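Order of the sequence lines sets the chain letters (A, B, ...), proteins ahead of strands, with each chain counted from 1. Note that the structure is predicted; figures quoted are calculated from it, not measured.
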Amino acid sequence: MTTAPERPVLDEARHAAVPPRTVLPVTEPTAPPPVRRTGLGRATAEERVARAGAWVAGFALAWLLTQRVLPLPSVGWLLVLWFVLGMGLVAVTTALVGDRNEVADQLVRSAVTVGALVVGAALVSVMVFTLAKGWRPLLHLNFLTDDMAGIGPRDAFDRGGILHAVAGSLIQLGIAIAITVPLGIGTAVFMTEVGGRFATVVRTVVEAMTALPSIVAGLFVYTVMVVALGYPRSGLAAGLAIAVMMLPIIARASDVVLRVVPSGLREAGLALGASRWRVVWHVVLPTARPGLATALILGVARGVGETSPVLLTSGAAPFLTLDPTSGFMNSLPLYVFSTVRSGEPQAIARGFAAASVLLVLVLVLFVTARLLARGPLSKRS
Amino acid sequence: MTTVPTQHDEVEALPRAISRRPTGADRVFVHGFRAIGATVLVVTGSIGLFLAWQAVPTLRHYGLSFFTEEAWAPEQGTVGIAGILVGTVSVAGVALVIAFPLALLTALFISEYAPHSVRATLVSLVDLMAAVPSIVYGLWGALLVQPYAAEIARWLHGTLGWIPLFDVPSADPDAAVWDQTRYIASAFCAAIAVAMMVLPMSCAVMRQVFSQTPQAEKEAALALGATRWGMVRTVVLPFGRGGIVGGTMLGLGRALGETIAVYLIISPAFDIKPHVLEVGTNTVAALIAARFGDASAAQLSALLAAGFALFLITLAVNTLAAIIVNRSRSGQGTDA
C-alpha cells in the first residue's frame with residue numbers, strides 16, 4: 001500500500017496551557033494541501049472513468065479485430081474478445097497508478113461483474129425467447145378459454161386452447177397442496193417443537209428423501225398405482241406423484257424456517273401458561289409466517305413446473321377433465337412437452353405459448369411469495 | 001401494613017409440585033404431531049424401501065453385470081446401467097463445470113460487489129431463476145442455445161481435439177462444410193440447460209453463506225489495508241468454503257436427477273462415451289422417461305433398479321454436501 005500523505009494536524013501542545021475555550025484548528029502554512037478522504041468501498045471518479053474507458057476501448061478494439069482484421073465475424077467472438085481485451089485494458093490502466101494488489105482487485109471486480117451479467121443475460125434470454133416464440137397464440141382469447149378437443153396440430157390459432165392444461169395443472173397442484181401442506185408443516189412442527197430421538201429419525205429420512213429425483217417419484221407412483229393396483233393414469237395419480245416429490249422439500253424448508261424462531265418467544269408463551277398447541281398456533285407459526293409462505297410457494301412453483309412425474313402418471317387428454325379420478329388429464333408442462341415434440345410449427349408455437357403461461361404462473365406465485373414474505377406489518381428480513 | 005407470617009399461621013408453605021409430564025391438551029398435541037411425523041416417515045421411507053425391494057429381482061437376474069453392462073436392450077436380455085451412469089455423470093459434471101464459476105461469481109457479486117440498494121432484488125432474481133420450470137430451460141437449450149453450442153463444440157474439437165475428452169471421432173473439425181449433426185444433442189448441449197438449473201441452487205447456498213461472514217473480520221481486513229479482493233480472498237472465501245463445496249454438491253444432486261431438459265436435448269446412446277461433445281448420450285432419468293411406457297414387468301423392475309441406483313447416488317452426494325456444510329465454519333451461526 002502507498003503511504004498516506006501527511007495530514008494537517010492540530011497542534012495541541014501550543015494550546016495546552018490556555019484555559020479551556022473553543023480552539024480553531026491551525027494548519028501549517030507549509031503543509032501540503034489537504035486531500036479528500038476516499039470513500040470507503042466507493043470508487044473515485046478517476047477509477048470509474050478509467051474502468052469505463054477500458055471497457056469502451058476494449059469493445060472498440062474487439063470490434064476492429066473481429067469485424068475488420070480477423071475473419072471472425074460472429075457475435076460470439078466479438079463478445080469473447082471484448083471480455084479478454086477489456087480485462088487486459090483494465091489491468092493496464094490500473095497498473096498505471098496502482099500496484100499488483102490493486103490490479104488483482106480490479107480484475108476480480110471486473111470478472112465478478114461480468115459473471116453476474118452473463119447469468120442475468122441468460123435468465124433474460126430464457127424469458128424473452130419463450131415469449132418471443134409463443135406470443136402469437138396468446139393474442140387469441142380462446143387460447144385461454146378453450147381446450148384442444150378435436151383440434152389438429154395444424155389448425156389456426158383462433159381455434160383451440162389450453163384451458164384443459166391450465167385446469168389440469170391447477171387441479172393436480174390442488175391435490176398435491178392438500179396433501180403436502182398439512183403433512184409438511186405438521187412434520188416440521190413435530191421436528192422442531194416436539195423433538196426427541198424419533199424426530200431425529202424423521203428428520204434424517206425426510207432430508208434423505210429430498211434427494212429423490214422427481215422422475216423416480218413419478219416412477220414410484222406409476223408402478224404402485226398404475227401397474228400394481230391397476231388404477232388408470234389420472235389427475236389423481238399425477239397429484240400424488242407431485243405430492244411425493246414436494247413433501248420432503250416442503251417439510252425440510254418449513255423445518256429450517258421454524259428452527260430460527262427465537263426460543264425466547266416460545267418460552268414466554270409457555271411461561272404465560274399457554275398450552276403447547278396454543279404456543280405453536282399463536283406464537284411460532286405467526287412468527288414464521290413469511291418464511292413459511294416463501295417455503296411453500298417455492299415448493300409449489302417447483303411442483304407446478306416439474307414435468308417428469310406428470311409425464312409418467314397423468315396421461316395427456318386433449319379435452320377438459322375436471323374430475324381427477326376419471327382418467328387422463330393434461331397439465332401445462334406435459335402439454336408443452338407433447339406439443340414441442342410434435343415437430344409441427346403451429347403446435348410448437350402453441351407449446352411455447354403454454355410455456356409462457358406456465359412461466360407467468362410461476363412468476364405470479366413467486367411475486368406472491370415475495371409479497372407475503374415481506375408481510376403487511378413485519379419488517380423485511 | 002405488612003404482616004409478618006408467623007409459624008402459627010394456618011397456611012402451610014408446601015413447595016409447588018413441579019412436573020414435566022405433559023397434561024391433557026399438551027399430550028394430545030405431542031401425540032398428534034408425532035402421528036403426523038410417523039405418517040410422513042412411513043410415506044417417504046416406504047418409497048425408498050419400495051425402490052430397493054423392486055430392484056431385487058433385477059439384481060438377482062442380471063447379477064453384477066447390471067452395473068458393468070453398457071447396453072440397455074431388454075429385448076435381447078441384456079440390461080446394464082454402466083453406459084447411462086457414465087452419461088449421467090458426464091452431463092452433471094459438464095453442467096457443474098459451467099455452473100460452478102458462474103454461480104460463485106454471481107454469489108460474490110451479490111454479497112460483496114453489488115450496490116446495497118439492489119441486493120434484495122438480485123437475490124429475488126436468483127430465486128426466480130430456480131423456480132423457472134425445467135421444461136422452459138429444456139426448450140431454451142434445445143432450440144436457442146444448441147446451434148451456438150455446436151459451434152463452440154466444433155471450435156473446442158478443432159483446438160483441443162487432441163485431448164480425448166474434446167475429441168469427436170465421427171467428425172472432421174476442418175471440413176469445409178461442417179457437419180453440425182455430429183455436435184448437437186450431446187452431453188455438452190444438455191449440460192448447458194442443466195447448468196441453468198444448477199446455477200441458481202448453488203448460487204443461493206453460496207450467497208447465503210457469504211452473507212454470514214462475520215462483519216468484524218471483513219472490516220478488520222479492510223482496516224489492515226486490504227483491497228476488496230484481498231478481503232474476499234482472505235476472509236469471505238475461507239469462511240464460505242463449506243458453503244461453496246456444499247452448494248456445488250447440492251447442485252450436483254439436482255443435475256444428476258434432471259429429466260425433461262436432458263430428454264428434450266439428447267439423442268439416446270447406450271455406450272460408455274468419454275467424448276462429451278459428440279452427439280448421443282443418455283442419463284438414468286431420461287432413460288426412465290423414454291422407456292417406462294412400453295415396459296414389461298421385468299423391464300419396469302430394471303427401470304426401478306436404475307432409478308434406485310440414481311437415488312442412492314444423489315442421496316450420497318446430498319448427504320456429503322450436508323456434512324461438509326455442517327462441519328465447516330460456515331455452517332455455524334456467528335455470534336456477535
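With a 4.5 angstrom heavy-atom cutoff, B:M129 touches chain A via backbone and side-chain atoms both. The contact between A:V202 and chain B is made by backbone and side chain atoms together, counting heavy-atom distances below 4.5 Å. Residue A:W281 does not touch chain B at all, counting heavy-atom pairs closer than 4.5 Å. For A:R341, the part sitting under 4.5 Å from any heavy atom of chain B is the side chain, from C-beta outward, and nothing else. Residue B:I110: no heavy atom, backbone or side chain, is found under 4.5 Å from chain A. Looking at B:I152, there are no atoms closer than 4.5 Å to chain A (heavy atoms on both sides), in backbone or side chain. Looking at B:T319, neither its backbone nor its side chain comes within 4.5 Å of chain A, counting heavy atoms on both sides. Interface residue A:V118: only side-chain heavy atoms are found under 4.5 Å from chain B. For chain B, the nearby parts of A:F337 are the backbone and the side chain; heavy atoms of each come within less than 4.5 Å. At a 4.5 Å heavy-atom cutoff, the contact between B:Y263 and chain A is made by backbone and side-chain atoms alike. For A:R302, the part lying under 4.5 angstrom from a heavy atom of chain B is the side chain only. If you measure heavy-atom distances from A:V367 to chain B, you find no contacts under 4.5 Å at all. With a threshold of 4.5 angstrom between heavy atoms, A:V114 does not approach chain B through any atom at all. With a 4.5 angstrom heavy-atom cutoff, B:F109 touches chain A via backbone and side-chain atoms both. Looking at B:R233, neither its backbone nor its side chain comes within 4.5 Å of chain A, counting heavy atoms on both sides. With a threshold of 4.5 angstrom between heavy atoms, A:E207 does not approach chain B through any atom at all. Within the 4.5 angstrom heavy-atom criterion, atoms from both the backbone and the side chain of B:L102 approach chain A. Only the side chain of A:M127 comes within contact range of chain B, with at least one heavy atom under 4.5 Å from a heavy atom of that chain. Contacts between A:L212 and chain B at a heavy-atom distance below 4.5 Å involve backbone atoms as well as side-chain atoms. In this structure, chain B has no heavy atom under 4.5 Å from any part of A:S356. With a threshold of 4.5 angstrom between heavy atoms, B:A38 approaches chain A through its backbone and through its side chain.
Of the listed residues (B:L199, B:L256, B:T44, B:N318), the greatest number of heavy-atom pairs within a distance under 4.5 Å of chain A belongs to B:T44. The candidate from A:V336, A:L107, A:V189, A:T130 with the greatest count of non-hydrogen atom pairs under 4.5 Å with chain B is A:V189. Top candidate by heavy-atom pairs under 4.5 Å with chain B, chosen from A:W277, A:F366, A:F198, is A:F366. When each of B:I313, B:V43, B:V30 is scored by its heavy-atom pairs under 4.5 Å with chain A, the top score falls to B:V30. Here A:A211 is the residue among A:G305, A:P213, A:A211 with the most heavy-atom pairs under 4.5 Å with chain B. No other option in B:V132, B:L250, B:D127 has as many heavy-atom pairs under 4.5 Å with chain A as B:D127. Among A:V340, A:T223, A:L363, the residue with the largest count of heavy-atom pairs under 4.5 Å with chain B is A:T223. Of the listed residues B:L264, B:L125, B:T39, the one with more heavy-atom pairs under 4.5 angstrom with chain A than any other is B:L264. By number of non-hydrogen pairs under 4.5 angstrom with chain B, the leading residue of A:A122, A:A355, A:P248 is A:A122. Top candidate by heavy-atom pairs under 4.5 Å with chain A, chosen from B:G253, B:A286, B:A25, B:A289, is B:A289. Contact tally against chain A (heavy-atom pairs below 4.5 Å) for B:I288, B:D26, B:I36: the top residue is B:D26. Looking only at heavy-atom pairs under 4.5 Å with chain B, the residue among A:G120, A:S125, A:G218 that has the most is A:S125.
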message = Assess the residue pair A:F352 and B:L143 against the criterion (side chain to side chain contact (heavy atoms under 4.5 Å, CB included)); give the C-alpha distance rounded to whole Å, side-chain angles, the decisive distance to 0.1 Å, and a yes or no.
response = CA-CA 11 Å; A:F352 271 98; B:L143 298 174; 3.3 Å; yes
request  = Run the numbers on B:F308 and A:V216 for side chain to side chain contact (heavy atoms under 4.5 Å, CB included), then give the verdict.
outcome  = CA-CA 8 Å; B:F308 184 59; A:V216 180; over 6 Å; no
message = Please evaluate residues B:I135 and A:L358 with respect to the criterion side chain to side chain contact (heavy atoms under 4.5 Å, CB included), reporting the C-alpha separation (whole Å), side-chain torsions for both, the decisive distance (0.1 Å), and the verdict.
response = CA-CA 10 Å; B:I135 187 150; A:L358 184 59; 4.2 Å; yes
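Atoms NZ and CG, on A:K133 and B:L144 in that order, are 8.5 Å from each other to the nearest 0.5 Å. For the atom pair CD1 (A:I215) and CG (B:L310), the distance works out to 9.5 Å, reported to the nearest 0.5 Å. In this structure, the separation between CG on A:L365 and CG on B:L128 is 11.0 Å, given to the nearest 0.5 Å. In this structure, CZ in B:R228 is found 10.5 Å from CD in A:Q106, a value given to the nearest 0.5 Å. For the atom pair A:M209 CE and B:F311 CZ, the distance stands at 4.0 Å (nearest 0.5 Å). For the atom pair B:L300 CG and A:L219 CG, the distance stands at 6.0 Å (nearest 0.5 Å).
For the residue pair B:I260 and A:S308, the shortest heavy atom distance occurs at CG1-N, 3.9 Å. Closest of all the heavy-atom pairs between B:T106 and A:G115 is OG1-O, 4.1 Å. Closest approach of A:L311 to B:F292, counting heavy atoms only: O-CZ, 3.6 Å. Minimum heavy-atom separation, B:W140 to A:F129: CA-CE2, 3.8 Å. Contact record, A:G195 with B:R34: O-NH2, 4.4 Å, taken as the closest heavy-atom pair. In plain terms, the two heavy atoms of A:V362 and B:A131 that are nearest each other are CG1-O, 3.3 Å.
At least one side-chain heavy atom of A:V244 sits under 4.5 Å from a side-chain heavy atom of B:I47. A 4.5 Å side-chain heavy-atom check between B:W229 and A:V112 finds every atom pair outside the cut-off.
Screening B:L139, B:V145, B:V136 for a side chain to side chain contact (heavy atoms under 4.5 Å, CB included) with A:V126, the sole residue that qualifies is B:V136.
For A:R278, the CZ atom counts as loosely surrounded, since its 6.0 Å shell holds 12 or fewer non-hydrogen atoms of other residues, nucleotides or ligands.
A perpendicular orientation is assigned to the rings of A:F220 and B:F50, their planes being inclined by more than 60° (bins at 30° and 60°).
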